[in-house]
There are 2 protein chains.
Amino acid sequence: MNSEFELIDLFNQIGSKYYKENGVIIPPGDDCAVFKSKKKIVTSVDASVEGIHFLKNTNPQDIAYRSIAVAISDIAAMGCKPLAFSLSVTSPSQNRAWFEDFALGTNEIANQFEIPLIGGDLTRGPLNIGVIVYGSPFNKNILRRDGAKPGDFICISTEVGKGAKGLKDLKNKISDSPFIKYYLRPTPKIELGKKISELANACIDTSDGLLVDMQKMLKASNCGGKIYLDKIPVISNIEDLNLGDDYDLCFTIPKDKFTDDFIKIGEVSKSKEIKLISNKGYDVKIAGYEHF
Amino acid sequence: MNSEFELIDLFNQIGSKYYKENGVIIPPGDDCAVFKSKKKIVTSVDASVEGIHFLKNTNPQDIAYRSIAVAISDIAAMGCKPLAFSLSVTSPSQNRAWFEDFALGTNEIANQFEIPLIGGDLTRGPLNIGVIVYGSPFNKNILRRDGAKPGDFICISTEVGKGAKGLKDLKNKISDSPFIKYYLRPTPKIELGKKISELANACIDTSDGLLVDMQKMLKASNCGGKIYLDKIPVISNIEDLNLGDDYDLCFTIPKDKFTDDFIKIGEVSKSKEIKLISNKGYDVKIAGYEHF
């Protein structure tokens, strides 16, 4: 049997080599963590729940990595740099091996993104991983979802549907599927966010489905758009546009700042309508992932 | 049936009148919230789980209030001022009435402590309320638990056991018990934290039990202490010292800064031993609430 305190010890030093450069003053162990930043602070929280955000019996290392990655993705969507994160782990198990594996995944992504774990809470109950991320702008600009302007090109950076295909292959036990890693280990697009932070007018991450997330961005911006379905690269089929788990960025960029590094999938329009256009006869409605 | 987005709308404006004075730049609705502070940022996360931190069938208004209050208590323990909070609500229900009640409790404590809700996540699963709080020092000083010095007086501010008595009376359906409010609606000691922030050497909140929390503070400070059990005011009996749910502050203060506003319960010693002293024959061991 392991006490809460012995288990917490597994997490105490994760990312500690980044305390100083990321402004951490009081690391985990007190009632609060303390950090400082001369810049604005961006922050977000994401809960990952067993059976909803990851399958039952997922390796705890993957659970940790994935739960933290999807939270960092929100920092990427703001065009910002992650500074630190906190964890709230509710777990039915007090099995030390489970927590050791979970700490491994936590350590892995902390080192990949060079961010320290600055606080947390460990409690008993049905498995629920809460991840809180803190970040700040790379330069000055913070991307918002409400800044799209008519005439902007609507862009993404990669094929749509890799995460969903990974989930499907995982369920079907296709263990050598090259897509499973996109589901279990999504890569937050921090570098892309940095690159577009001085170029784009609006941005959102595509966690719930490309079309529905794009719709949120355009609605928040009081705009609509023409979407060229034929130009959107998909992994499986056109329904990929309504599947979640991709964690790419969808952003709008003034025409003169567009480069071939990005995939143009449409244009922002003044009219609030979102027109899905296809010459190939694709017929798809906007219907992304519902959390309820 | 209510969509995630309709339910989120219930929370959109909570504490919005405090955005400006508390430095909120981007409120809920984007991928991250954004705020700024010239001071250091203190932050903490607390999960409240049904059956562990609150009883089944607790009124959602009380669940919200209590979950947020216990998180704010961590800001009080640092001697800091709360600035804002975020919520991660995992719920099996999508019942609008439940969420309306939950939003009422959220609104109530947001207004009481003058803090805006700046972000959140809503997902499906067994009931789990994650609360993230952000604060900053009132003046310059941030209280830590590792600053106790030999010779300091160990203090609290009120009787021990009110929260535990409230829980007991609630379980026993003693509906007119004056203690239930201490359990369902604990008051974070922000004003006390402010008052002692320039006086105390160390501080912790007593969420897990006075003795065990005091022990954490003394251990973190590499000290021990003499505790005068006879001097500690308790509600039920000496076992109250090992019961959680009080959310008072336990702090150490140099002898010359002690005033009668505080209740002295012991003295910090150089020896790492914690001596529990009683002339009345009280026999109690340190054994607080274990989260597992």
Residue A:K194 excluded, over 12 heavy atoms near NZ under 6.0 Å: no
Please determine if B:E100 and B:R96 form a salt bridge, counting it only when a charged side-chain N lies under 4.0 Å from a carboxylate O. yes
Where on B:V49 is there a heavy atom nearer than 4.5 Å to chain A: the side chain, the backbone, both, or neither? side chain
Which portion of A:A220 sits near chain B, non-hydrogen atoms under 4.5 angstrom: neither
Could you tell me whether B:D245 and B:R66 make a salt bridge, using a distance below 4.0 angstrom between a side-chain N and a carboxylate O? yes
If I measure from the heavy atoms of chain A, does B:C203 come under 4.5 Å with its side chain, its backbone, both, or neither? backbone
Is it the backbone or the side chain of A:I132 that comes under 4.5 Å from a heavy atom of chain B, or both, or neither? side chain
Do the two ring centres, one from A:Y134 and one from A:F85, sit under 6.0 Å apart? no
For each of A:N128, A:I118, A:I25, tally heavy-atom pairs with chain B at distances under 4.5 Å, and name the one with the top tally. A:N128
Pick from B:K36, B:E50, B:R144: which one has the most heavy-atom pairs with chain A under 4.5 Å? B:R144
Could you tell me which of A:M78, A:R145, A:K40 has the largest number of non-hydrogen atom pairs under 4.5 Å with chain B? A:R145
One option among A:T43, A:V34, A:V42 has the most heavy-atom pairs under 4.5 Å with chain B, and it is A:T43
Evaluate whether atom NZ of A:K219 has more than 12 neighbouring non-hydrogen atoms of other residues, nucleotides or ligands under 6.0 angstrom away. no
Part of B:S136 lying under 4.5 Å from any heavy atom of chain A: neither
Pairs of heavy atoms under 4.5 Å with chain A: top-ranked of B:A33, B:G120, B:G135, B:G29: B:A33
May I ask you to check whether B:D213 and B:T206 show a side-chain donor-acceptor distance below 3.5 Å? no
Of the backbone (N, CA, C, O) and the side chain (C-beta and beyond), which part of A:I75 lies under 4.5 Å from a heavy atom of chain B, both, or neither? both
Could you check whether any side-chain N or O of A:T58 sits under 3.5 Å from a backbone N or O of A:F54, counting only pairs where one atom can act as donor and the other as acceptor? no
Under 4.0 Å between a side-chain nitrogen and a carboxylate oxygen: does that hold for A:D208 and A:K216? yes
Can you tell me which portion of A:I41 sits under 4.5 Å from chain B's heavy atoms? Options are side chain, backbone, both or neither. both
